[in-house]
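Okay, so here's the structure we're looking at.
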Amino acid sequence: MTSQGIGARVARKEDARHLHGRGNFVSDMIMPGQQEVAFLRSPVAHGRIQRVGKPQGYEQSVFVWGDLTGVKPIVATSTLPGYQLSAQHPLAHEKVRFVGDPVAMAVAPSRAEAEDLLEQVDLEIEDLPALVDASLVSKETAVRVHEEWPNNLFITMNYESGFDAKAQGAPVVVEREASLSRQAMVPMEGKAVLAYWDERANQLIVYSSTQTPHMIRIGLAETLGIDDGQIRVISPDVGGAFGYKCILQPEEICIAWLALRFRQPFRYIEDRREHLTAGANARQHAYKLRAYADATGRLLALDAEITIDGGAYSMWPYTVGLETGQATGNLPGPYEFRGYRCKTQCVATNKPGFLPYRGVARTGVCFATELMMDAIAHKVGREPWEVRRDNLVPAAAMPYDNITKKHYDSGDYQKALLTAREKIGLDAVRERQRRGEKDGRLIGVGFASYCEQSAHGTSVFAAWGLSLVPGYDQATVRVTPGGGLEIRVGVHSHGQGMETTLAQVAHEVLGVDIAKIHVVLGDTGLTPYSTGTYASRSMVMAGGAVARAAEALVPRLVTIGAHLMQCAASTARLEGGKVVGPQSSVMLSEIAETWYRLPYRLPPDVDLGGLEATMAYRPKVDTGAFSYASHAAVVAVDTELGHVEILDYVIVEDCGTLVNPMVVDGQMIGGAAQGIGTALYEESPYDANGQPLASTFADYLLPGATEVPAMRLFHMQTPSPYTAYGIKGMGEGGAIAPPAAIFNAVNDALKNLGVEVNETPLTPRRLLAAIQRAEKARA
Amino acid sequence: MKAAAFDYARPRDLGEAVRLLASGGGSAKLLAGGQSLGPMLNLRLARPKLLVDVSRLGELGGITDAGKSWRIGAAVTHAEIEDAVGTLAGGEMLPLVAAGIAYRSVRNRGTIGGSLAHADPSADWPLALAALDATVVINGAKGERAVSVDRLIRAAFTTDVAEDEIVTAVTVPKLSPSARVGYFKFCRKTGEFAEAAAAAVVDPERRVARIFLGALSGPPHSLAALARRIAEEGAAACSREAALEAVAALPLDAVDRRMHAGALLRALQQIYPP
């Protein structure tokens, strides 16, 4: 390891601009003649549009679906059996399907004036009954979210393997339910789009706060009906995304259409109320589980029914089949058992369409499975960590194909758990519990283990029958005339620190100082194609591609260098940013100077690829590199106020080779903070008519600096056998386990009261209600 | 989420402020720290035609010693009160309460008079000042008048202050050196609106015992019977059972009763440590 290569703890290159407030976000951009756009959004959950009356004199400033000539609705297709299509019109057509569904847009010199115009729009909607509770899908027959469907089911998946044989005669049977409430993703920056027509380039330029600029270009070309060569999508600085921005957004289409039609700059910035209502689109799963185990708690079989509240529309390009498939396939978690039956239904409801939030379905399945692990342990009278350990796939079994045919590539799951147990100090916590607290609070400790498919590639996405599947990721590495490097990749970085970590990968190969390595991301005009940054894939995919491209330059550099040293190329090698021969060495900057400025010194057989290479990369096994972790939490529960305080939080994780340990720590902590939000704070409740009840931060609580404990992180490093340098993706992992670990800790604290909580977030109200129910039952 | 158009005026003195407010005919609104009004304007829940900014009026500033009481100007910020810690003999509870309001950036702008006039049920000042038996000074076209804080608030977000009147100051009686106070609010997270809150002041020298519950659906609620018991029995009357009994009559569900009793008990335990 060098001081800047893979594994080095280098400070992030991008921090300088962000810490000084010099980032460049869409909100910072001002173009000459720029118009601001505001959306009129449906005030009802379900209804038929009768009339959208434009304000008199402003007919040219307000637009409805009928005005968007040439625009097609968003339709995400999938060949999964039984999947029903939804057509999402960027501005509602005929019907509105959730509160916040865009109906019209107004254009004005300022956002405030655009909002003034919207107030004057005469919107008449005939209310229709709404489907708000997904559990009523089989009973509610009058409502049709999509009228052409025979029911309200996006998709139902059934998976069964060895269930009857393994479940039969099991001595221990445990039944539990678990559910996660709907929530929003709440990036610091919401959606943001600015589009204009570039006459010189003859192109529509779309600046969008997106994770996936290349994919958005495809989506815009399809929905606008123009050549993709006429569109350039640029994703500038992005203030967090978390999956909210990895799909084609209706607002992107609307703003792009305005710029295309009027050849003028238009901009839209989502505000917080829009985000909390129209963006309440994540996590809502309900689980019914029945586990079959032996007398020691060894899991024999698992029977599951999962209901996903899918909202109104299926997002492009992944479809709601992504969440459904991930839930069905990942519920078995890191455990070794051979009987499984699962029915997962994804219900169309009158809420915003479900999006893949950091962790995707795994936060839900980890919550359900890990609560079940503790329930089994209680039933058989053992410590939850013991039962967990006995059930985890042992290191000796790696690589391991699990019950849903997931190929776990490497790792020691049990060691991660045992380390978490040691680091959290289980024995000391148990002793403290026995002593009791002076303030009367109850102490509990909880564990949660998971494994996380990262960088899953072509075969996985193709199996979901999508119209757009990731394949090879490409990177360009170019030596500049001054001897530095330019790296161009089609993924994007919005908090992941890839301007630094991709430079570290290139440094590992070519030895160039990372201060002289410039990473270009997020621009279809400047970077090779990639589907983008999502699914914990970019470090594996783009990192691998950067390594390959850099490696392709090595023989070219050596050839020129050897020629300059007048030695045979076979006797020279690249080392530490120099080509080293038998007697002398030549700096990379001198080789660059030769190629660009003094070409008469080049060897006659010089590689015509020059000092620039674009290479594609895909892991040799593309079913995913599985990161994993065990989390452990100690909590104090106030049974009078219903407050839960996290006293200690330990994460033991293995994401293979660490490219930059500080970046990994940052990702883990940020993800876990969001997991704490899911566990204790964040919720987008709806009333029976589908009205969202949390539309500002007064009602929607996020964990803040005082609620996120100083987490203690410990790393294991088991390189993936399938990826470049053994790197595994890890961007989502932190957000997966906290709800499970925290709920298990609370249930541990309340065990003697006979209380078991199982619904996120654990608000004081939910907690006290559970305590009071248990008190009543005891009385 | 941008405010509808409004006019803005910054009067030079209280008299001009009163005149501007009256000229608005009910569509003028006072702006002080803007910590509640700002979001309401942006959400277009408040749509005044005219904002009268009183945040820099000299008459509304300053913390002054008025002998038996402290006079706090209505436009004094929570942060100014927080930072007056150690200087308010007999009013020690005030910096204590101020320091727990929201978080520092809100405290830097939010004002004590604004908090009272806004009358959010989960706000700190209505509750704490009711327990302290403070009085609000109100000015209008007809002159000056005073109302005790526990009579000021009629319902959530509704006060005795008329549309053309301005809260100018709060007068807080000084407590005896032997007095003890308790203040506890339960928030789901630091700086958040309170779920349950209680304030207690026991000053035997001045024969005062006042206990109030806050964070209810309406104004702070006086627990007079409990206060009498506490005055007579002291620590003996301070128990979980007593707290539960005190809140039993309130129109709350079982969860809220438990939470408020929990907050109440903790406030009392600051006076009588268990």
Side-chain angles (χ1 to χ4, degrees), chain A residues 36 38-39 108 110-116 118-119 190 269-277 438-441 638-645 676-677 680-683 695-708 761-773 775-776, chain B residues 1-6 35-36 38-45 47 100 102-106 120-123 184-198 215 239-241 243-244 247 252-270 273-274:
Chain A
E36 301 289 345
F39 286 88
S110 73
R111 171 68 180 248
E113 290 163 283
E115 290 185 18
D116 289 347
L118 292 181
E119 287 193 333
I269 309 291
E270 179 184 65
D271 70 29
R272 198 51 72 185
R273 184 162 54 171
E274 289 180 291
H275 179 75
L276 291 176
T277 52
K438 256 191 176 162
D439 62 11
R441 293 192 298 176
D638 186 320
T639 56
E640 299 302 314
L641 298 172
H643 185 63
V644 176
E645 185 189 353
I676 289 168
L680 297 175
Y681 300 103
E682 298 181 56
E683 182 177 10
S695 62
T696 71
F697 281 147
D699 300 311
Y700 188 99
L701 298 200
L702 284 168
T706 46
E707 287 72 46
V708 177
L762 190 54
T763 60
R765 176 157 286 278
R766 281 201 179 93
L767 181 52
L768 290 182
I771 291 171
Q772 288 177 330
R773 272 196 305 276
E775 284 172 353
K776 220 174 228 175
Chain B
M1 216 163 74
K2 301 285 181 205
F6 55 82
Q35 296 306 287
S36 298
M40 287 169 70
L41 287 170
N42 278 350
L43 290 163
R44 301 196 173 195
L45 295 171
R47 310 185 62 132
Y103 36 91
R104 182 73 193 194
S105 59
V106 170
D120 188 318
S122 50
F184 184 88
K185 61 172 175 172
F186 170 50
C187 307
R188 285 180 64 194
K189 54 178 268 200
T190 305
E192 208 43 65
F193 290 101
E195 304 283 319
S239 66
R240 181 173 187 262
E241 291 65 37
L244 280 167
V247 304
L252 300 170
D253 69 15
V255 166
D256 275 331
R257 267 207 300 279
R258 189 179 185 119
M259 238 187 259
H260 279 89
L264 173 59
L265 183 62
R266 278 162 180 75
L268 295 176
Q269 284 174 342
Q270 292 172 8

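Here is how names work: the chains are called A, B, and so on, in the same order as the sequence lines, proteins then strands, and each is numbered from 1.
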- Task: Can you measure from CG (A:Leu702) to CD (B:Glu192) and round to the nearest 0.5 angstrom?
- Result: 9.5 Å
- Message: Quick check on A:Ala698 against chain B: is it the side chain, the backbone, both or neither that has a heavy atom closer than 4.5 Å?
- Response: both
- Message: Check this for me, if you would: do B:Asp253 and A:Arg765 make a salt bridge, where the nitrogen-to-carboxylate-oxygen distance has to be below 4.0 angstrom?
- Response: yes
- Item | Steps toward salt bridge (charged side-chain N to carboxylate O under 4.0 Å, His left out) verdict (B:Arg47, A:Glu119) | CA-CA 13 Å; B:Arg47 310 185 62 132; A:Glu119 287 193 333; 2.6 Å; yes
- Query: Is the closest side-chain heavy-atom distance between B:Arg44 and A:Asp116 below 4.5 Å?
  - Reply: yes
- Item | Proximity breakdown for B:Leu265 and chain A, heavy-atom pairs closer than 4.5 Å | neither
- Message: Once rounded to the nearest 0.5 Å, what's the spacing between atom CD1 of A:Ile269 and atom CE of B:Met1?
- Response: 13.0 Å
- CD-CZ distance between A:Glu640 and B:Arg240, expressed to the nearest 0.5 angstrom: 3.5 Å
- For atom OH of B:Tyr103, decide whether the heavy atoms of other residues, nucleotides or ligands shown that lie under 6.0 angstrom number more than 12. no
- Answer yes or no: is there a donor N or O on one side and an acceptor on the other, between the side chain of A:Glu707 and the main chain of B:Lys189, under 3.5 Å? no
- For chain B, find which of A:Ala112, A:Ala705, A:Gly642 contributes the most heavy-atom pairs closer than 4.5 angstrom. A:Ala112
- Item | Engaged part of B:Ala254 at the chain A interface, taking heavy atoms whose separation is under 4.5 Å | both
- Side chain, backbone, both or neither: which part of A:Phe697 has a heavy atom under 4.5 Å from chain B? backbone
- Task: Hey, could you give me the CG/CD distance between A:Asp439 and B:Gln269, rounded to the nearest 0.5 Å?
- Result: 10.0 Å
- All heavy atoms of A:His643 vs all of B:Phe186, minimum pair found to be CB-CE1, 3.4 Å
- Closest heavy-atom pair, B:Arg188 versus A:Leu680, reported as atoms and distance to 0.1 Å, is NH2-O, 2.9 Å
- Message: So for B:Ala261, is it side chain, backbone, both, or neither that comes closer than 4.5 Å to the heavy atoms of chain A?
- Response: neither
- Message: Under a 4.5 Å cutoff for heavy-atom pairs, which residue among A:Val644, A:Thr706, A:Leu767 has the most contacts with chain B?
- Response: A:Thr706
- Message: If I take atom CG from residue A:Asp638 and atom CE from residue B:Met259, how far apart are they, to the nearest 0.5 angstrom?
- Response: 10.0 Å
- Item | Atom pair CG/OG1 of B:Asn42 and A:Thr696 - distance to nearest 0.5 Å | 12.0 Å
- Task: Could you tell me which portion of A:Glu270 (side chain, backbone, both or neither) has an atom closer than 4.5 angstrom to a non-hydrogen atom of chain B?
- Result: neither
- B:Arg258 side chain to A:Ala769 backbone, donor-acceptor under 3.5 Å: no
